[in-house]
Colleague: 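The structure is given below, and queries will be raised subsequently.
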Amino acid sequence: MLKRLVIGRAMRSEELGGTLLPKRIALPVFASDPLSSVAYATQEILLVLTLGGLAYLHFTPWIAAAVVALMTVVVLSYRQVVRAYPSGGGSYEVASTNISPSAGLVVAASLLVDYVMTVAVSVASGVDNIISAMPSLVDYRVLMALAFVAVLTAMNLRGVRESGRLFAAPTYLFTGGVLIMVGTGLFRYLIGDAPVAESAAYGVAPVPGDANLAGLAMVMLVLRAFSSGCTALTGVEAISNGVPAFRKPKSRNAATTMALMGLIAVTMFAGVTTLAIVAKVHITDDACRLTGLAGDCGSYTQRTVIAQIAASVFGGENSVGFYFIQAATALVLILAANTAFNGFPLLASILAQDRYLPRQLHNRGDRLAFSNGILALAIVAGLLLWAYQAEVTSLIHLYILGVFTSFTLSQTGMIRHWNRELRTETVAAVRRRHRTARIINATGALVTGLVLVVVLATKFTQGAWLAVLAAGVLWLLMRGVRRHYDTTADELAVTGLHGEMSPPSRVLAIVLVSTLHKPTLRALAFAHAFRPDHLEALTVAVDRRQATELQQQWEDFGIQVPLKVLDSPYREITKSAVEYVRSVRRESPRDVVAVFIPEYVVGHWWEAPLHNQSALWLKNRLLFTPGVMVISVPWQLASSAHANRSTPRAPGSVRRGEPTHKSEPDSAHR
């Protein structure tokens, strides 16, 4: 009942087509992350530059211009990816196909880590904006962050289309609100009534040692500010991974959506950065570095950059415009994590289909979403938010490294793709288009490669090494999973029918007995039905008196099956029974030993620990013995009948996912 209330009714596989997205819904679903990043990208640039005081803020417009140019190049490059690889593999498929499978895994590992960081940073930033409007909530930062992750998880479990409809309005409200704010602020500036931020009157004391930077130190500060501003590019690649979710024509609709996303994101980022410069927003990583601040700096909560701009443009912190921008910003930042909730499960599904991740990640849930991937993302992101206390400044250093790794490798792969196409294409007009596309991707590869080096150099020691380590460990794990699946497939492959189909010489049946009761008699009857060559009952004499009583009952009821009693002076049931079964198998290696174990079927969760524990241990041990079959004989207790009526579908029912792109068949899964 609760599951249906939260997630909704189960959907048939034939309804998958009805979940495809039109462009107006796909834009907020896949682009909410890059669109919402304007709420903190400018702030991250200013936070780095003010490490040296106010003297270095004049670099802000140049850094912003570089970020805008970079975003333009990346968007143009990924439009080529969408057109050339519409199957949804995105950067992973491009790198795997055109460079090597190992390069594709590097991209996949980097993106999976970055999707987790997208959820953590977006939610933490959204909580920051809520606290900017209501500072009294600062003590509930982590609790609010975890609650928002839980809500996002529930919404995405309802399906891509339904979550997209729900999240579309906040994204469009935020976009419209920011554009109105930018337009109003620039208009006031042009008529001579420039907005002034609440922090404009404060100075900023530089961090000791950073006051008079010169030469290489100043270059490093600027590069570090640029790499922080590059957070504006997070999530750009999500559309290339989500092409299968678009309506037909999929490639064209995805490319159009990506162009719209780039245009809107560039406009908003440039506008917010310009207003931050005009309004003289001053923000630091430590409020105690603000000079001219009245009162205790330790208790002063700095408002975010976008909050200060909204207050200055719309007439103060009590204005309707201020609260609208803060509400829309907080909401869209939290919902920006939805980009990852769509990208992560899709990519994980493709990796599972290619046997690099557990196959359960390729299964669709009740609402045709990749539920296991959604839950995995929510758990890891929640742990990260808890570990870092939902602090954006701490989390941001782990961010964007994976994005630029995937950018660089995918664009390099696209160069090889166009080179291969040009070798076979003979039509002059098509060759010109391919050459133009190759130039775009080559530029993208060069630029994003340089940015990757900058990001790695400036953020590695500040925490980015953790992201590198996580991606490396994930890469090794995926290689290990693929190796396991390949080994299993080779081991199970049918090479001939002679050995596998030859029958055993005899079947020896053993019924495990603890007490003479109805389940025991049923197990004996089932064993008789198999018509074994030899049948015996087996009990372990943990208590000699009880064993004697069992033998007496056996004789009194006239059971014709011989009862074997094993002595167990150390009261070990499992070890004694397993050793006996293995001894029977050693004496007759060409025979099959069938072990029948009576088991209770219970209806309540609290009944499960009270029964079947010995049977569970026995089965686990016997399954590792070649030539031994373990057969459970169920006995349904009265409580199980009620549970069967009230549970239409078992939790975690397995549902196979639809193929998202071409890959070799997974013989180990069939």
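Please read these numbers as outputs of a predicted model, since none were measured by experiment. The analysis underlying the following values was restricted to heavy atoms, covering all of them including side chains, and did not include hydrogens, waters or symmetry mates. We number each residue from 1, following the sequence as shown.
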Colleague: Show the nearest heavy-atom pair for residues Ile306 and Thr329, with the distance to one decimal.
Modeller: CD1-OG1, 3.9 Å

Colleague: Suppose the criterion is ring pair (Phe, Tyr, Trp, His ring centres under 6.0 Å): which pairs have a residue in residues 228-259, not counting sequence neighbours?
Modeller: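 Listed once each, the pairs are Phe30-Phe246.
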
Colleague: Show me the pairs that pass side-chain hydrogen bond (donor to acceptor under 3.5 Å, both in side chains) and involve residues 423-433, at least two apart or across chains.
Modeller: none

Colleague: Less than 3.5 Å apart, which donor and acceptor atoms pair up between the side chains of residues 442-455 and the rest of the protein, not counting sequence neighbours?
Modeller:
unit_1, atom_1, unit_2, atom_2, d
Thr443, OG1, Ile439, O, 2.8
Thr448, OG1, Thr408, OG1, 3.4
Thr448, OG1, Gly444, O, 2.5
Thr448, OG1, Ala445, O, 3.4

Colleague: Will you find, in the side chains of Ser410 and Tyr92, an N or O donor that is under 3.5 Å from an N or O acceptor?
Modeller: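 There is no such pair (donor and acceptor under 3.5 Å, judged by atom type) between the side chains of Ser410 and Tyr92.
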
Colleague: Tell me, please, which residues at least two apart from Ala120 pass side-chain contact (heavy atoms from CB on, under 4.5 Å).
Modeller: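 Testing Ala120 for side-chain contact (heavy atoms from CB on, under 4.5 Å), a comparison that skips the adjacent residues, returns Leu384, Leu385, Leu395.
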
Colleague: Could you pull out all residues at least two apart from Arg79 that satisfy side chain to side chain donor-acceptor pair (under 3.5 Å)?
Modeller: none

Colleague: Taking only residues two or more places apart in sequence, or in another chain, which ones meet Thr42 in a side chain to side chain donor-acceptor pair (under 3.5 Å)?
Modeller: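 Per chain and number, Thr42 pairs via side chain to side chain donor-acceptor pair (under 3.5 Å) with Thr273.
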
Colleague: Quick one: side-chain contact (heavy atoms from CB on, under 4.5 Å) partners of Ala378, sequence neighbours excluded?
Modeller: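 In terms of side-chain contact (heavy atoms from CB on, under 4.5 Å), with neighbours along the sequence ignored, Ala378 is linked to Val149, Thr153, Phe341.
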
Colleague: Go through the structure and list residues passing side-chain contact (heavy atoms from CB on, under 4.5 Å) with Val266, not counting sequence neighbours.
Modeller: Val68, Met71, Thr72

Colleague: Tell me every residue that passes side-chain contact (heavy atoms from CB on, under 4.5 Å) with Ala41, counting only those two or more places apart in sequence or in another chain.
Modeller: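 Residues passing side-chain contact (heavy atoms from CB on, under 4.5 Å) with Ala41: Thr231, Ala232, Phe269.
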
Colleague: For Asn253 and Arg247, which I'm curious about, is there any donor-acceptor pair between the side chains at under 3.5 Å?
Modeller: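 Not at all, the side chains of Asn253 and Arg247 share no donor-acceptor pair under 3.5 Å.
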
Colleague: Scan residues 95-109 for pairs that pass side-chain hydrogen bond (donor to acceptor under 3.5 Å, both in side chains), counting only residues two or more places apart or in two chains.
Modeller: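 For residues 95-109, and leaving out neighbouring residues, the side-chain hydrogen bond (donor to acceptor under 3.5 Å, both in side chains) pairs sorted by first residue read Tyr85-Asn98, Asn98-Arg420, Ser102-Arg479.
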
Colleague: With sequence neighbours excluded, tell me which residues meet ring-ring contact (aromatic ring centres under 6.0 Å, His included) with Tyr115.
Modeller: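 For Tyr115, no residue satisfies ring-ring contact (aromatic ring centres under 6.0 Å, His included) once neighbours in sequence are set aside.
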
